[in-house]
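All heavy atoms count here, side chains included; hydrogens, waters and symmetry mates do not. To find a chain, count down the sequence lines: A is the first, B the second, and so on, and within it residues start at 1.
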Amino acid sequence: MSPGRLPPEFFERPTLQVAESLVGHTLYRQTPEGLVAGRLVEVEAYCGPADPNSHAFRRTPRSAIMYGPPGILYVYLTYGMHHCSNIVCEADGTAGAVLMRAVEPLEGLELMAARRGVTDPKLLAKGPGRLCRAFGLSREDNGTDLASGGVWVGRDRRLEGLVRTSYRIGVDATTDFPWRFYEPGPWTSGRKNPPSPARPELDAPIG
DNA sequence: GACACGATGGGCT
DNA sequence: GCCCATCGTGTCT
């Protein structure tokens, strides 16, 4: 069932590199209620002080976790009712995280549907807030170690197409970088799929 | 303390 | 496409 976990070393790399290579891997979540799993089809890279749109642009009590060791879950609340979950990247001391925006549901669809209140598989985990709801992730899961906790990423990868890039969702594109990595398809939150980068000079790792 | 504001999503037009 | 709920977090006084 589970192919084993990606090790912390996988996440101890440049955030952009982790984000690109994370697409296609499976996210798992084990709780007393059961197991749910989904293939990551859409992620976004958020870097440190050089990324104005990242929480880690400034180091605060909330964003401090992004400066910590890699392979740790960073979950926060937004709009008072939705959660967003990230995986901390880079070496301890360097800020960076990958926001998980959408998965293709693979296992535990009934549990996801119960948590979400919908049954359409295409709506179960499309969007960061829906993904968190479907996987039962909340602020209580902030700080979970993917190497030992009830959340992990499988040592697997399946791609059904090319991994494409675009500007990130929900931030002003004129101040943004094309750091969204996604596999186009029915599972991706593509409602406002921005076009491919128009500023290739920015399409390079920072730091 | 007070206050403005979201790395969103559901409902309605 | 437009509206807006809802509350933790960060910033300012």
Can you tell me if A:R130 touches the phosphate of B:dG10, counting only side-chain N or O atoms and a distance under 4.0 Å to OP1 or OP2?
yes
Whole angstrom is fine here: how far is it from [atom1] in [X] over to [atom2] in [N]?
{"X": "A:K126", "N": "B:dG10", "atom1": "NZ", "atom2": "P", "result": "12 Å"}
{"X": "A:K122", "N": "B:dG9", "atom1": "NZ", "atom2": "P", "result": "17 Å"}
{"X": "A:E42", "N": "B:dA7", "atom1": "CD", "atom2": "P", "result": "16 Å"}
{"X": "A:Y76", "N": "C:dG8", "atom1": "OH", "atom2": "P", "result": "16 Å"}
{"X": "A:L131", "N": "B:dG10", "atom1": "CG", "atom2": "P", "result": "13 Å"}
{"X": "A:H55", "N": "C:dG8", "atom1": "NE2", "atom2": "C1'", "result": "11 Å"}
{"X": "A:H83", "N": "C:dA5", "atom1": "NE2", "atom2": "C1'", "result": "15 Å"}
{"X": "A:R58", "N": "C:dC12", "atom1": "CZ", "atom2": "C1'", "result": "13 Å"}

Is there a donor-acceptor contact under 3.5 Å from the side chain of A:R133 to the main chain of A:H82?
no
Under 3.5 Å donor-acceptor, A:S54 side chain and A:G48 backbone:
no
Sugar-phosphate, base or nothing in reach of A:R116, heavy atoms under 4.0 Å:
sugar-phosphate
Side chain to side chain donor-acceptor pair (under 3.5 Å) for A:Q30 and A:Y28? Distances and angles first, verdict last.
CA-CA 7 Å; A:Q30 178 74 64; A:Y28 293 85; over 6 Å; no
For the residue pair A:H25 and A:F10, categorise the inter-ring angle as parallel (less than 30°), tilted (30 to 60°) or perpendicular (more than 60°).
perpendicular
Whichever of A:H82 and A:L77 has its nearest DNA chain C nucleotide further upstream toward 5'
A:H82
Between [options], which nucleotide has the shortest distance from any of its atoms to the side chain of [X]?
{"X": "A:R139", "options": "B:dA7, B:dG9, C:dT9", "result": "C:dT9"}
{"X": "A:Y79", "options": "C:dG10, B:dG6, B:dA7", "result": "B:dG6"}
{"X": "A:Y46", "options": "B:dG9, B:dA7, C:dT11", "result": "B:dA7"}

Using purine N1 to pyrimidine N3 plus N6-O4 or O6-N4 for Watson-Crick, or N1-O2 and O6-N3 for G-U wobble, both under 3.5 Å, which nucleotide pairs with B:dC3?
C:dG10
Assess whether atom CD of A:Q17 is packed by more than 12 heavy atoms of other residues, nucleotides or ligands within 6.0 Å.
yes
